[in-house]
Novice: 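For reference, the structure I am asking about is given below.
In what follows, every heavy atom counts, from backbone to side chain, and hydrogens, waters and symmetry copies are set aside.
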Amino acid sequence: MAPEHDNADIAPREFSGPTDRTRRGITAVYTGDGKGKSTAGFGAALRALGRGMDVAVVQFMKGPWVSGEFPALEKFGARVEVHRMGEGFTWDTKDLEKDKACARAAWDMCVKLLKEGRHGLYLFDEILYVLKYRFLPVDEVVAGLKLKPPLAHLILTGRDAPPEIIAAADLVTEMKEVKHPYRSGIAAQAGFDY
């Protein structure tokens with residue numbers, strides 16, 4: 001079966017795609033119902049650190065549980081600024097007003113970081129959930145994304161990216177679940193899932 005991209009029959013040296021190598025910051029969205037959205041964002045953060053960039057992470061929603069990404073990022077010291085702002089998923093906290101207040105505080109931190117412009121990559125992990133639940137107005141977030149420094153990269157993660165966010169992004173990847181271990185009764189695994 002032939003690959004489904006436009007240049008399937010062209011050798012790489014014959015590819016006539018973009019040749020402009022101008023550096024410009026990318027706004028990326030990792031969305032969809034499949035696993036790997038946050039993982040993709042943290043992978044990009046690690047890549048940015050490997051290239052000498054400083055990274056800022058604001059995590060919405062996930063709450064107090066410890067994911068392996070954070071102890072790993074701590075090893076980079078002052079080159080990584082992390083703000084874990086959520087109190088947990090809405091279905092865990094059951095306090096709608098507190099969830100909205102946490103979302104507002106996290107977004108205010110995002111805006112502050114973008115205005116300061118000190119980082120090469122910004123990861124706003126799980127922000128799309130707070131938009132889905134209408135804890136923040138989509139138009140306010142779209143306007144805030146324009147504060148991104150021109151050469152910095154910005155990543156937004158979570159399910160159900162609204163059309164306005166998709167339109168504002170340079171890259172949108174939708175993770176699609178094909179098979180998941182949870183459905184076979186396999187619990188989340190440290191070092192793989194968190």
Side-chain angles (χ1 to χ4, degrees), residues 23-49 51 53-63 65 67-70 72-73 79-91 99-177 193-194:
R23 183 159 155 25
R24 166 173 128 43
I26 300 296
T27 298
V29 172
Y30 298 125
T31 192
D33 65 357
K35 182 174 169 25
K37 299 175 288 293
S38 293
T39 302
F42 282 105
L46 182 60
R47 185 179 304 117
L49 287 162
R51 290 293 186 171
M53 296 178 189
D54 289 346
V55 170
V57 177
V58 178
Q59 189 174 52
F60 293 73
M61 304 288 289
K62 282 188 178 166
W65 67 330
S67 292
E69 296 94 342
F70 295 106
L73 289 176
R79 294 191 48 219
V80 180
E81 185 173 344
V82 175
H83 300 275
R84 298 177 70 202
M85 310 284 291
E87 298 250 335
F89 290 105
T90 301
W91 51 87
D99 292 336
K100 287 180 179 179
C102 283
R104 170 56 58 194
W107 175 243
D108 290 346
M109 177 57 68
C110 293
V111 169
K112 177 181 180 283
L113 290 166
L114 290 173
K115 283 182 177 178
E116 289 173 354
R118 296 181 293 110
H119 300 87
L121 185 137
Y122 299 86
L123 170 57
F124 299 161
D125 187 40
E126 309 292 358
I127 189 173
L128 300 179
Y129 286 105
V130 303
L131 297 178
K132 173 183 178 177
Y133 299 136
R134 296 189 174 102
F135 293 173
L136 293 171
V138 174
D139 58 341
E140 179 182 345
V141 172
V142 169
L145 300 180
K146 295 175 183 168
L147 297 170
K148 178 185 77 63
L151 297 180
H153 305 295
L154 172 61
I155 299 170
L156 313 174
T157 70
R159 289 185 181 212
D160 302 311
E164 299 91 337
I165 294 290
I166 291 171
D170 301 299
L171 167 70
V172 179
T173 297
E174 183 174 5
M175 310 295 187
K176 179 182 176 190
E177 182 180 318
D193 291 297
Y194 61 93

Novice: Applying ring pair (Phe, Tyr, Trp, His ring centres under 6.0 Å), name anything that partners H119, two or more places apart in sequence or on another chain.
Specialist: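 With sequence neighbours excluded, H119 shows a ring pair (Phe, Tyr, Trp, His ring centres under 6.0 Å) to Y122, given in chain and number order.
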Novice: So, taking the atom named CD in E69 and the one named CG in L123, what distance separates them when rounded to the nearest 0.5 Å?
Specialist: 9.5 Å
Novice: Which pairs count as salt bridge (charged side-chain N to carboxylate O under 4.0 Å, His left out) when at least one residue sits in residues 130-147, sequence neighbours excluded?
Specialist: R104-E140, K132-D160
Novice: Using the test salt bridge (charged side-chain N to carboxylate O under 4.0 Å, His left out), find all partners of R79 that sit at least two apart in sequence or belong to another chain.
Specialist: D54
Novice: Quick one: pull up CZ in R84 and CG in D125 and give me the separation to the nearest 0.5 Å.
Specialist: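 One gets 10.0 Å once the value is rounded to the nearest 0.5 Å.
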Novice: Side-chain donor-acceptor pairs under 3.5 Å in residues 163-175, sequence neighbours left out?
Specialist:
{"from": "D170", "atom 1": "OD1", "to": "R24", "atom 2": "NH2", "distance (Å)": "2.7"}
{"from": "D170", "atom 1": "OD2", "to": "T27", "atom 2": "N", "distance (Å)": "2.8"}

Novice: Run the side-chain hydrogen bond (donor to acceptor under 3.5 Å, both in side chains) test against D108 and tell me which residues pass, sequence neighbours left out.
Specialist: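 With neighbours one apart ignored, the set is empty.
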Novice: How long is the straight-line distance from CZ of F135 back to OH of Y129, given to the nearest 0.5 Å?
Specialist: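 Between Y129 OH and F135 CZ, I get 12.5 Å after rounding to 0.5 Å.
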Novice: Are F60 and M85 close enough that some pair of their side-chain heavy atoms sits under 4.5 Å apart?
Specialist: no
Novice: Which heavy atom in A161 sits nearest to a heavy atom in L128, and how many Å separate them?
Specialist: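 Shortest heavy-atom contact: CB-CD1, 3.8 Å.
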Novice: At what distance, to the nearest 0.5 angstrom, does OG1 of T157 lie from CZ of F42?
Specialist: 7.5 Å
Novice: When the side chains of residues 147-156 are checked against the rest of the protein, which donor-acceptor pairs come out under 3.5 Å, sequence neighbours left out?
Specialist:
{"from": "K148", "atom 1": "NZ", "to": "A152", "atom 2": "O", "distance (Å)": "2.8"}
{"from": "H153", "atom 1": "ND1", "to": "I26", "atom 2": "N", "distance (Å)": "3.0"}

Novice: Please, which pairs that meet salt bridge (charged side-chain N to carboxylate O under 4.0 Å, His left out) have at least one residue in residues 26-41, sequence neighbours excluded?
Specialist: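 Output for this query lists K35-D193.
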Novice: Pick one: which of L145, V58, V141, L136 meets side chain to side chain contact (heavy atoms under 4.5 Å, CB included) with C110?
Specialist: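 Among L145, V58, V141, L136, the one meeting side chain to side chain contact (heavy atoms under 4.5 Å, CB included) with C110 is V58.
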